[in-house]
Amino acid sequence: MAQLDSKIPPGELSEKWTDYRSTVKLVNPANKRHLEIIVVGSGLAGASAAASLAELGYKVKVFCFQDSPRRAHSIAAQGGINAAKNYANDGDSTFRLFYDTIKGGDFRAREANVYRLAEVSANIIDQCVAQGVPFAREYGGLLDTRSFGGVQVSRTFYARGQTGQQLLLGAYSALNRQIAKKQVKMYSRHEMLEVVMIDGKARGIIARDLVTGKLERHFGHAVILASGGYGNVFYLSTNAMGCNVTANWKAHKKGAYFGNPCFTQIHPTCIPISGDHQSKLTLMSESLRNDGRVWVPKKKDDNRKAVDIPEEERDYFLERRYPAFGNLVPRDVASRAIKERCDAGYGVGGSKQAAYLDFADVIKRIGEDVVSAKYGNLFEMYEKITGENPYKEPMRIYPAIHYTMGGLWVDYNLMTTVQGLYALGECNFSDHGANRLGASALMQGLADGYFVVPYTIGDYLAGDIATKAIPTDHPAFAEAEKSVSDQIEKLMSIKGKQSVEHFHKRLGKIMWNNCGMARNEKGLLEAKAAVRALREEFWKDVRIPGKADEFNPDLEKAGRVADFMELGELMIDDALNRRESCGGHFREEFQTEEGEAKRDDTNFAYVAAWEYKGKDKPAELHKEELKFEKVHLAQRSYK
C-alpha cells in the first residue's frame with residue numbers, strides 16, 4: 001500500500017523551491033533522447049508540459065479527445081491569470097498572493113505547493129508575453145491588470161474576456177513547434193481508457209481511436225495526466241460537454257489516491273438555467289464583478305423590470321454584508337449569498353433563481369465605449385444567449401458548478417501514489433484547498449507545465465535511464481487492453497431502453513440537489529443510495545446504438561458516465577466524512593450565526609486521500625495532515 005509522503009523539501013518556505021531546483025537529479029541530453037513521456041490532455045497544463053519537455057529533449061506523445069489541441073477546455077477561461085508582479089504598485093508580493101490563495105481556499109491547501117505557485121507566477125507572464133500573448137496594456141505600454149474576488153490588489157493579467165483562449169494559443173504554438181521538430185507526436189481524437197502498470201510503475205496507456213474505434217497500446221517511461229476536472233458529474237456545469245473524469249478515474253482504480261473529491265467550486269456569475277432542455281451552462285467572467293454591482297429588490301417577489309426599481313429599493317447585498325471586499329468577495333462566499341437571497345424570496349427573473357449584475361454605474365462613470373473595450377465580447381455573448389442587452393439592462397446571474405479543487409493526490413513533485421504517474425493542473429488536488437480564487441486556474445496549469453514538472457519528472461527519470469523502451473506486446477499491455485475491451489463489450493451488450501444522456505441528467509440532479517451548493521447528512525445519505533440504484537439501473541438498461549469498432553459518441557459518453565457514477569459515490573462519501581464547512585463544501589449543520597462556513601481545524605485540517613479497494617468495496621481514507629507554519633489559522637472574514 002502506498003504511503004502518503006508529500007516529499008516537501010526541508011528549509012524555509014521561501015527557499016524550498018530554489019533549493020530543490022539546485023539539488024534535484026538531472027538527466028543528461030544524450031539520455032533524454034531515449035526517454036519517452038506520455039501526456040494525456042492538451043490544455044494549458046498538458047500543452048505547456050509537452051512543449052517544455054520536448055524542448056528539453058525528451059520524446060513526447062500527446063493525446064487529446066478533441067480534433068485539435070486548440071479545442072481543450074482551457075480555451076473557455078475568460079477573466080485573466082494571476083501573477084505577483086505588482087505592476088499596479090498597490091502592495092502585492094509573492095507572500096500576499098500565497099496568503100490570499102491559502103485564505104481563499106479556507107486553509108485546506110498545502111503551504112509549500114501554494115508558495116511555489118505564487119513564486120513562479122511572475123515567470124508565467126514573461127513566458128506568455130514572449131510567445132506573443134496579447135495581454136491588455138495601459139496607455140504607457142505596461143501590461144494592465146484588474147482585480148478578482150478574494151483580494152484587495154490588482155494582480156490579474158488579461159486579454160479582454162478571452163484570456164484562456166490567448167494563453168492556449170501561446171502554449172499551442174510552442175507545442176506545434178515541437179511537433180514540427182518531431183519531438184512530439186500528436187494523437188488527437190484519442191481517449192485514454194487505461195493505465196498500464198509494470199512492476200508497480202506506470203509504463204503506458206491504452207487509448208481508443210475515437211474515429212475508428214480501434215484500441216491502441218502506447219509505452220512511456222512516465223505518464224502525465226493533464227485531463228482537467230470532473231464538474232460534469234453534475235451534468236449542468238460551465239465545463240465543455242466533453243470534460244470528464246475517465247483518465248483520472250482509471251488512474252485511481254490502478255492505485256492513485258483521489259484527494260478531496262467533495263471540494264467543488266461554485267461560480268456566482270453564471271447565466272441562469274432557462275429550462276430542462278439545457279445541456280450546459282455559460283459563465284460570465286468574474287472580471288465583470290470589478291465594475292458590475294450585484295443586487296436584488298428589497299421587496300419579495302418584485303416583478304418590476306430592473307430599470308423600474310428605484311435605487312432606494314435595491315439591496316446591494318454583497319456590498320452590505322462584506323464592505324471591505326464588496327462585490328469582489330471569493331466565489332464561494334458570493335455564491336452562497338446569492339443563493340440565500342433567492343431562497344428567501346428576493347430572486348429575479350421568471351424562475352426567481354437569479355440576481356442582477358448591473359453595469360449602469362460604470363457606464364455612467366466612464367462611458368459605454370470604455371466598458372465595451374474591457375468587456376465587449378462578454379456582453380455580446382450574454383446578449384446572444386439571452387436576447388437582452390446588458391448595456392441597457394442588468395445581467396441576470398446565478399451560481400453554477402465551475403471547477404473542481406479535488407483531484408488525484410500528488411506530492412510536491414506532482415507525482416501520484418503510483419510511481420511514474422503525474423497529475424497536472426485541474427486534474428490534481430494540490431493548490432487551491434476548498435475553494436479556488438478567480439484567475440488562479442490558468443496560473444496553476446501553466447506553472448505545473450512550464451516550470452514545475454520539467455524539473456520534478458527529471459528527478460524521477462534520472463533513476464530510470466537504464467530502462468529500455470518496453471515492447472507493447474508485453475503481457476501487461478495485453479492485460480490492460482483486454483480489460484478495456486471487456487468493458488466496451490459489456491456496455492454494448494446491455495441493449496437497454498434508456499439513452500446515456502438520460503442517466504447522466506438524472507445523476508446530475510441527484511448530485512446538484514444533495515452534494516452541490518449545500519449539503520447535509522440526510523441529503524447525502526439519500527444521494528448515496530440514489531446513485532447506487534441509478535448505477536445498477538444503468539448497467540441493466542442503457543442503450544448504446546452503433547458498433548464498438550467505429551465512430552460512436554454514445555459509447556464514448558457511456559464509459560464516461562459510468563465513471564461519473566462511481567466518482568459520485570466517492571464524492572458523497574468524502575462530503576459525509578468531512579463534518580465541517582470550508583470553502584465550497586458547505587455542510588448546513590456546520591455554519592456560523594451569520595450563515596458563513598464554520599471550519600473544524602482540530603479534526604479536519606487534512607487532505608482526504610481515498611484509496612480504491614475494489615468494485616463495490618468502500619474506499620479507504622488516508623489523511624495528509626496540513627501544517628501551517630507561515631499563516632495563522634483564522635475564521636475567514638471579508639468584512
Side-chain angles (χ1 to χ4, degrees), residues 78-79 149 231 234-238 265-311 313-322 326-362 375 378-402 438 508-509 512-513 516-518 584 586 595:
Q78 298 167 345
F234 294 91
Y235 186 73
L236 286 179
S237 79
T238 65
Q265 172 153 95
I266 315 294
H267 199 297
T269 56
C270 182
I271 297 177
I273 296 171
S274 60
D276 203 42
H277 60 283
Q278 278 185 265
S279 55
K280 79 173 301 294
L281 298 172
T282 303
L283 177 69
M284 288 288 100
S285 168
E286 181 165 310
S287 63
L288 294 173
R289 287 199 278 147
N290 270 277
D291 292 307
R293 301 179 71 193
V294 179
W295 64 275
V296 293
K298 290 183 177 178
K299 178 178 146 187
K300 289 186 178 182
D301 298 316
D302 194 330
N303 294 315
R304 289 176 291 175
K305 290 183 178 179
V307 293
D308 296 332
I309 300 176
E311 189 72 15
E313 296 181 33
R314 301 179 178 188
D315 179 13
Y316 295 93
F317 55 94
L318 292 180
E319 298 171 31
R320 169 173 58 81
R321 291 176 60 172
Y322 310 103
N327 295 295
L328 284 172
V329 289
R331 291 174 176 180
D332 61 314
V333 176
S335 295
R336 278 196 297 277
I338 293 169
K339 182 179 186 295
E340 184 275 326
R341 288 291 81 193
C342 292
D343 290 349
Y346 298 95
V348 302
S351 68
K352 300 298 182 184
Q353 294 294 299
Y356 288 126
L357 183 60
D358 198 332
F359 297 90
D361 282 0
V362 69
Y375 309 116
L378 297 170
F379 279 45
E380 291 165 13
M381 186 190 309
Y382 182 87
E383 184 171 10
K384 193 169 185 177
I385 291 170
T386 66
E388 300 167 4
N389 183 348
Y391 293 106
K392 305 300 181 188
E393 53 187 314
M395 291 181 179
R396 287 174 294 109
I397 58 167
Y398 192 74
I401 292 290
H402 177 57
K509 286 183 177 179
W512 174 251
N513 291 335
M517 285 186 68
F586 192 71

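- Under a 3.5 Å cut-off, the side chain of Glu286 and the backbone N or O of Thr269 do not form any donor-acceptor pair.
- In this structure, Met517 and Phe586 approach most closely via the heavy-atom pair O-CB, 3.5 Å.
- Panel note: side chain Arg336, backbone Gly584; no donor-acceptor pair is recorded below 3.5 Å.
- Side-chain atoms of Tyr382 and Asn389 form no donor-acceptor pair, as typed in the model, at a separation below 3.5 Å.
- By the 4.0 Å N-to-carboxylate-O rule, Asp276 lies close enough to Lys509 to be salt-bridged with it.
- Not one N or O on the side chain of Asp302 forms a donor-acceptor pair closer than 3.5 Å with the backbone of Lys299.
- A salt bridge links Arg293 with Glu319: the distance from a Lys NZ or Arg NE/NH1/NH2 to an Asp or Glu carboxylate oxygen falls below 4.0 Å.
- In this structure, Phe359 has its ring center at least 6.0 angstrom away from the ring center of Tyr391.
- The structure places CD1 of Ile401 at 10.5 Å from SG of Cys270, a figure rounded to the nearest 0.5 Å.
- When every heavy atom of Leu378 is checked against every heavy atom of Ser287, the shortest pair comes out as CD1-OG, 4.1 Å.
- Contact check for Pro394 versus Leu357: no side-chain heavy atoms found under the 4.5 Å cut-off.
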Asp332 and Gln265: CA distance, side-chain angles, deciding distance, side-chain contact (heavy atoms from CB on, under 4.5 Å) verdict: CA-CA 7 Å; Asp332 61 314; Gln265 172 153 95; over 6 Å; no
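- A donor-acceptor contact shorter than 3.5 Å is absent between the side chain of Thr238 and the backbone of Leu283.
- Remark: Glu340 CD to Arg321 CZ distance equals 5.5 Å, nearest 0.5 Å.
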side-chain contact (heavy atoms from CB on, under 4.5 Å) assessment of Val294 paired with Tyr356: CA-CA 5 Å; Val294 179; Tyr356 288 126; over 6 Å; no
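- Proximity of Trp295 to Leu318: side-chain heavy atoms (C-beta onward) are nowhere separated by under 4.5 Å.
- Side-chain contact check for Val329 versus Pro268: every heavy-atom pair is 4.5 Å or farther apart.
- Judged purely by atom type and a 3.5 angstrom limit, Arg289 uses its side chain to pair as donor or acceptor with the backbone of Asn327.
- Note that CG of Asp358 and CE of Met395 are 10.5 Å apart. Values are rounded to the nearest 0.5 Å.
- A heavy-atom distance below 4.5 Å is found between the side chains of His277 and Ser274.
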Salt bridge (Lys or Arg N to Asp or Glu O under 4.0 Å) between Lys392 and Glu383, worked out: CA-CA 11 Å; Lys392 305 300 181 188; Glu383 184 171 10; over 6 Å; no
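- Counting heavy atoms from C-beta outward, Tyr322 and Leu328 have side chains that stay 4.5 Å or more apart.
- Side-chain polar atoms of Tyr316 and Glu311 form a donor-acceptor pair below 3.5 angstrom.
- By the 4.5 Å heavy-atom criterion applied to side chains, Thr282 and Lys384 are not counted as neighbours.
- A donor-acceptor pair under 3.5 Å is formed between the side chain of Ser335 and the backbone N or O of Ile266.
- With rounding to the nearest 0.5 Å, the separation of CD in Glu393 from CG in Asp308 is 10.5 Å.
- One finds the CE atom of Met284 at 12.0 Å from the CZ atom of Arg396 (value rounded to the nearest 0.5 Å).
- The minimum heavy-atom distance between Tyr346 and Lys298, with the atom names listed, is CE2-O, 3.2 Å.
- For the pair Pro310 and Arg304, the minimum side-chain heavy-atom distance is below 4.5 Å.
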Stepwise side-chain contact (heavy atoms from CB on, under 4.5 Å) check, Leu288 with Tyr375: CA-CA 7 Å; Leu288 294 173; Tyr375 309 116; 3.6 Å; yes
Trace of the side-chain contact (heavy atoms from CB on, under 4.5 Å) decision for Leu281 with Tyr235: CA-CA 10 Å; Leu281 298 172; Tyr235 186 73; over 6 Å; no
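- The CD1 atom of Ile397 sits 13.0 Å away from atom CD of Gln353, with the distance rounded to the nearest 0.5 Å.
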